[in-house]
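Here's the structure we're looking at; comments come further down.
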Amino acid sequence: DVKVTQSSRYLVKRTGEKVFLECVQDMDHENMFWYRQDPGLGLRLIYFSYDVKMKEKGDIPEGYSVSREKKERFSLILESASTNQTSMYLCASGDYEQYFGPGTRLTVT
Amino acid sequence: RKEVEQDPGPFNVPEGATVAFNCTYSNSASQSFFWYRQDCRKEPKLLMSVYSSGNEDGRFTAQLNRASQYISLLIRDSKLSDSATYLCVVTASGTYKYIFGTGTRLKVLA
């Protein structure tokens with residue numbers, strides 16, 4: 001079974017803090033993805049990575065950066081958290097079908 | 001026009017009923033299609049890929065109509081446990097990017 005894990009299920013941060021969300025997959029997939037999901041807007045792609053140290057912007061990259069130093073790990077960074085980044089963050093990996101982690105519900109106050 | 005459109009529902013059906021959802025997509029170059037299921041406050045889980053010839057997995061049947069640019073999901077003999085949101089996913093040719101619909105909510109009633 002594919003396993004995608006995320007570092008936290010729930011996170012509360014203050015405005016202006018730097019936030020790190022980590023994702024690890026155990027299936028040797030080349031591709032990894034970060035999404036956010038908001039009511040009425042569905043899942044939107046923030047960034048994806050198709051190889052170590054390679055990344056591409058998704059549809060809503062503003063305010064985010066990513067890091068992929070090892071194949072199994074893909075990190076999402078909020079450089080200076082803002083209240084409009086309160087959301088559910090989902091990591092996925094997969095080279096055809098995508099498999100999701102359990103999500104991190106981030107609240108920025 | 002949205003790239004992937006779904007009727008948000010909810011579809012309320014009794015146990016044992018057959019229910020079908022459609023999903024339309026705008027990019028005729030789209031090559032891969034999937035249905036995901038998402039339970040409340042959980043992550044999406046792959047239900048099935050959709051192949052050109054159509055495919056079936058137990059009570060679930062998926063179809064692709066390229067001419068009219070839609071995919072469908074049919075659920076037979078609905079169970080209470082089928083209650084969830086069903087997400088339609090489309091990829092464009094030559095990309096890894098998924099484009100999600102906003103989902104169709106299904107409630108199966110006892």
Side-chain angles (χ1 to χ4, degrees), chain A residues 1-10 21 23-25 27 29-51 54-61 66 68 74 87-107, chain B residues 1-10 21-27 30-52 55 57 60 62 64 71 73 84-106:
Chain A
D1 262 4
V2 177
K3 194 152 185 194
V4 181
T5 56
Q6 294 184 228
S7 48
S8 306
R9 294 299 301 271
Y10 299 94
L21 303 181
C23 175
V24 177
Q25 53 103 355
M27 283 303 292
H29 289 145
E30 303 288 339
N31 304 317
M32 296 186 74
F33 308 82
W34 275 106
Y35 297 88
R36 65 178 280 178
Q37 186 173 29
D38 301 286
L41 297 177
L43 278 100
R44 294 178 292 167
L45 181 65
I46 305 171
Y47 267 97
F48 68 100
S49 168
Y50 50 90
D51 201 351
M54 306 302 287
K55 62 187 179 188
E56 277 199 32
K57 292 180 181 179
D59 300 315
I60 50 162
V66 290
R68 192 157 180 212
F74 190 33
S87 186
M88 168 72 108
Y89 289 87
L90 288 154
C91 173
S93 80
D95 296 333
Y96 176 63
E97 296 157 341
Q98 290 185 22
Y99 299 90
F100 286 82
T104 296
R105 193 164 290 278
L106 172 68
T107 302
Chain B
R1 185 186 168 189
K2 287 184 183 176
E3 290 184 86
V4 178
E5 292 203 68
Q6 294 184 253
D7 181 340
F21 314 130
N22 279 349
C23 164
T24 58
Y25 60 95
S26 60
N27 186 349
S30 299
Q31 284 213 330
S32 302
F33 308 88
F34 308 91
W35 283 104
Y36 278 74
R37 170 203 169 116
Q38 187 172 26
D39 294 294
C40 190
R41 302 181 79 81
K42 296 284 186 83
E43 75 273 23
K45 292 193 174 168
L46 179 66
L47 183 63
M48 54 201 308
S49 304
V50 186
Y51 304 121
S52 297
N55 47 305
D57 183 2
F60 298 84
L64 168 62
I71 65 172
L73 179 68
T85 297
Y86 290 84
L87 302 171
C88 166
V89 179
V90 170
T91 64
S93 172
T95 78
Y96 307 115
K97 286 176 62 173
Y98 270 18
I99 303 164
F100 285 84
T102 49
T104 296
R105 203 158 148 228
L106 170 66

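Each chain gets a letter, A, B and so on, in the order the sequences are listed, and its residues count up from 1.
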Shortest non-hydrogen separation from B:Tyr36 to A:Gln98 and the atoms involved: OH-O, 2.5 Å

Would you mind checking which part of B:Ile99 comes under 4.5 Å of any heavy atom in chain A, side chain (CB onward), backbone (N, CA, C, O), both or neither? neither

For B:Lys45, does its backbone N or O pair with a side-chain atom of A:Tyr99 as donor and acceptor, under 3.5 Å? no

Should we say atom CZ of A:Arg68 is surrounded by more than 12 heavy atoms from elsewhere, each under 6.0 Å from it? yes

Around atom CD of B:Glu3, are there more than 12 heavy atoms of other residues, nucleotides or ligands at under 6.0 Å? no

Measure across A:Glu97 and B:Phe34 and return the closest heavy-atom pair with its distance rounded to 0.1 Å. CG-CE2, 3.5 Å

So how far is it from A:Tyr96 OH to B:Thr91 OG1, rounded to the nearest 0.5 Å? 7.0 Å

Identify which part of A:Glu56 has an atom lying under 4.5 Å from any heavy atom of chain B, answering side chain, backbone, both or neither. neither

Taking every heavy-atom pair that is under 4.5 Å apart, which of A:Gly58, A:Pro102, A:Gly94 has the most such pairs with chain B? A:Pro102

In the structure I gave you, are the side-chain heavy atoms of A:Asp59 and B:Lys97 within less than 4.5 Å of one another anywhere? yes

Only pairs of heavy atoms separated by less than 4.5 Å count here; which of A:Met88, A:Gln37, A:Arg105 has the most with chain B? A:Arg105

Contact leader toward chain A among B:Ser49, B:Gly101, B:Pro44, where contacts are heavy-atom pairs under 4.5 Å: B:Pro44

Does A:Leu43 reach the side chain of B:Val89, with side-chain heavy atoms less than 4.5 Å apart? no

Quick one: what part of A:Arg44 sits under 4.5 Å from any heavy atom of chain B, side chain, backbone, both or neither? neither

Go through the atoms of A:Phe100 and report whether side chain, backbone, both or neither lie under 4.5 Å from a heavy atom of chain B. both

Contact part of B:Tyr98 toward chain A, heavy-atom cut-off under 4.5 Å: side chain, backbone, both or neither? both

With chain A as the partner, which of B:Gln38, B:Lys42, B:Arg41 has the greatest number of non-hydrogen pairs under 4.5 Å? B:Arg41

